[in-house]
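Worksheet for the structure shown next.
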Amino acid sequence: AGAIHDGAGPGLEEECRPFAPIEPGEAVLTGAYNLPNNYVIHVLGPVYGKDRPGEEILKRCYRNVLTLAEKHRIRSIAFPALSTGAFGYPLRDAARTALSAVAGMSKELRQVRLIRFVLFSQEDFRVHEEALEGVTASE
């Protein structure tokens with residue numbers, strides 16, 4: 001979140017102010033300002049072990065982001081591994097949950113054509129790749 005705000009500039013913070021605070025799982029859309037895209041969809045992931053039920057809240061994050069993207073006719077979206085940094089969510093569990101949530105919505109998506117996961121390291125990529133093997137679009 002800090003990198004996004006740094007890159008976007010002060011306009012993003014100003015636009016976000018009326019939305020704060022959002023609840024875990026909630027998503028809101030703003031402009032992107034100095035970033036090379038049109039929008040930023042902000043979502044608050046669960047703090048592992050604190051926000052419960054964590055898995056359901058994390059699924060809701062991905063679903064709510066995709067629902068907003070559809071509503072605003074956004075064609076592509078990039079996700080980080082939500083909640084796996086400072087919020088302490090175990091990467092394997094988060095990857096499985098994220099990919100399951102996205103796959104579960106894939107048949108409903110009409111506007112969103114490209115979904116990327118932008119990950120911190122090669123190891124994070126490997127964990128997501130392994131998780132993807134066990135996920136189907138029917139989830």
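- Contact detail for A69 and V112: the closest heavy-atom pair is CB-CG2, 3.6 Å.
- More than 12 heavy atoms of other residues, nucleotides or ligands shown are found within 6.0 angstrom of CZ on F117.
- F120 meets the side-chain contact (heavy atoms from CB on, under 4.5 Å) test with D124; sequence neighbours excluded.
- Listed by chain and residue number, L35, N37, V40 satisfy the side-chain contact (heavy atoms from CB on, under 4.5 Å) test with A32 (two or more places apart in sequence, or in another chain).
- The list of side chain to side chain donor-acceptor pair (under 3.5 Å) pairs with a residue in residues 80-90, not counting sequence neighbours, is empty.
- Within a 6.0 Å sphere centred on CD of E14, other residues, nucleotides and ligands contribute 12 heavy atoms or fewer.
- With sequence neighbours excluded, the residues forming a salt bridge (charged side-chain N to carboxylate O under 4.0 Å, His left out) with R126 are E123, E130, listed by chain and number.
- Among residues at least two apart or in separate chains, there is no salt bridge (Lys or Arg N to Asp or Glu O under 4.0 Å) pair with a member in residues 74-84.
- V28 is connected to L44 through a chain of hydrophobic side-chain contacts under 4.5 Å among Ile, Leu, Val, Met, Phe, Trp and Tyr, so both are in one cluster.
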For a quick test of your reading: what N or O donor-acceptor pairs under 3.5 Å do the side chains of residues 15-22 make, sequence neighbours left out?
residue: E15; atom: OE1; partner: G31; partner atom: N; Å: 3.2
residue: E15; atom: OE1; partner: Y33; partner atom: OH; Å: 2.5
residue: E15; atom: OE2; partner: G31; partner atom: N; Å: 3.4

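- Not one N or O on the side chain of E70 forms a donor-acceptor pair closer than 3.5 Å with the backbone of L109.
- In this structure, the salt bridge (charged side-chain N to carboxylate O under 4.0 Å, His left out) partners of R63, at least two apart in sequence or on a different chain, are E56.
- Separation of atoms CD1 (I4) and CD (E13) is listed at 14.0 Å; rounding is to 0.5 Å.
- The hydrophobic cluster containing L99 also contains V43, counting ILVMFWY residues as joined when their side-chain heavy atoms lie under 4.5 angstrom apart, directly or transitively.
- Scanning for side-chain contact (heavy atoms from CB on, under 4.5 Å) contacts around A86 gives an empty result, with sequence neighbours left out.
- Side-chain heavy atoms closer than 4.5 Å link hydrophobic residues (I, L, V, M, F, W, Y) into clusters, and following such links, possibly through other members, connects F125 to V102.
- Closest approach of M105 to T67, counting heavy atoms only: CE-OG1, 3.7 Å.
- Proximity of a side-chain donor or acceptor of S106 to a complementary backbone N or O of A103 within less than 3.5 Å is detected.
- Taken from CD1 in I41 to CD1 in I77, the straight-line distance is 4.0 Å, to the nearest 0.5 Å.
- Residues that satisfy the ring-ring contact (aromatic ring centres under 6.0 Å, His included) test with F87, not counting sequence neighbours, are absent from this structure.
- Rounding to the nearest 0.5 angstrom, the gap separating the CD1 atom in I74 from the CG atom in L29 is 5.0 Å.
- Summarising the geometry of V135 relative to R96, their closest heavy-atom pair is CG2-O, 4.4 Å, with the distance given to 0.1 Å.
- Note that the CD1 atom of I115 and the CG atom of L66 stand 5.0 Å from one another [nearest 0.5 Å].
- Contacts of D51 classified as side-chain contact (heavy atoms from CB on, under 4.5 Å), with partners at least two apart in sequence or in another chain: P24, P46, V47, I57.
- With R52 contributing its side chain and G49 its backbone, the two residues share a donor-acceptor pair below 3.5 Å.
- Sorted by first and then second residue, the ring pair (Phe, Tyr, Trp, His ring centres under 6.0 Å) pairs involving residues 57-77 (not counting sequence neighbours) are Y62-F79.
- Nearest heavy-atom pair across A81 and L119 is CB-CD2, 4.0 Å.
- Of all the heavy atoms in N64 and A27, the pair that sits closest is CB-CB, 3.9 Å.
- Here side chain to side chain donor-acceptor pair (under 3.5 Å) pairs that include residues 21-30, with residues two or more places apart or in two chains, are T30-H42.
- Separation of atoms CG (D93) and OH (Y48) is listed at 5.5 Å; rounding is to 0.5 Å.
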